[in-house]
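Taking it in order: structure first as structure tokens, then the write-up.
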Amino acid sequence: MAVGILALQGDFSAHAEALRRAGARALVEVRRPEQLEGLAALVLPGGESTTMLKFLQAGGFWEKLRAFAARRPVFATCAGAILLARRVEAPPQASLGLLDVTVERNAYGRQLESSICEATVTPAFAAELGPKLEAVLIRAPRFKDLGPSVEIVAHAGGEPLLLRQGNLLAASFHPELSPDSPVHRWFLQRATG
Ligand code: GLN
């Protein structure tokens, strides 16, 4: 079964490359809601969440995407994670309400303050992901008010950067921009293995 990448806006091609490097064979760039049918899993890329929202709402995607993400494996990075959140701040905007967190947009500064840091993987996940991850932060959101079913997979400087909640995996950083992405491999194994 194929893995889809939402390809309305943002860095979807970098995700496609990262997934290919991680061993994915069947990839679908999703531009119409009907394309979600039959996919094993979906990636929501980084980019600009307000623009993605407009396309999602105008394209009749909203309910189909919500239904998909409510039960299938979804890996959301940065703007994608903002779309999944229960609540969005700075400023508030609509969201799918599936990931039980509040997201504060652009919390780590502007584009020029983009940075790369080393995130520490929580011991429970280190066997699968290794002890450290490179985290590329670009106008990244902050995850706050984590609900009881949200697990912190990786963190840096006291901030949660990679979260898991059941079928959902959400990163405030961009694993697709690092040369090696154990997170894509892990996602792929869990989603299609
Ligand atoms: N700041 C962007 C937003 O709010 C997200 C940035 C990103 O995806 N790198 O949508």
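All of these numbers come straight from a predicted model, not from anything done at the bench. Indexing begins at 1, ligand by ligand and atom by atom, following the structure's order.
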Within a radius of less than 6.0 Å around CZ of Arg71, do more than 12 heavy atoms belonging to other residues, nucleotides or ligands occur?
-> yes

Applying ring-ring contact (aromatic ring centres under 6.0 Å, His included), name anything that partners His174, two or more places apart in sequence or on another chain.
-> none

Cationic tip of Arg139 within the cone over Tyr108's six-membered ring, i.e. under 6.0 Å and within 45° of the normal?
-> no

Got the residues with a heavy atom under 4.0 Å of ligand 1, by chain and number?
-> Gly46, Gly47, Glu48, Ser49, Cys78, Ala79, Ile82, Arg105, Asn106, Ile138, Arg139, His174

Look at the aromatic rings of Phe75 and His15 and report parallel, tilted or perpendicular, splitting at 30° and 60°.
-> perpendicular

Within a radius of less than 6.0 Å around NZ of Lys54, do more than 12 heavy atoms belonging to other residues, nucleotides or ligands occur?
-> no

Is the NZ or CZ atom of Arg66 both under 6.0 Å from the centre of the six-membered ring of Trp62 and within 45° of that ring's axis?
-> no

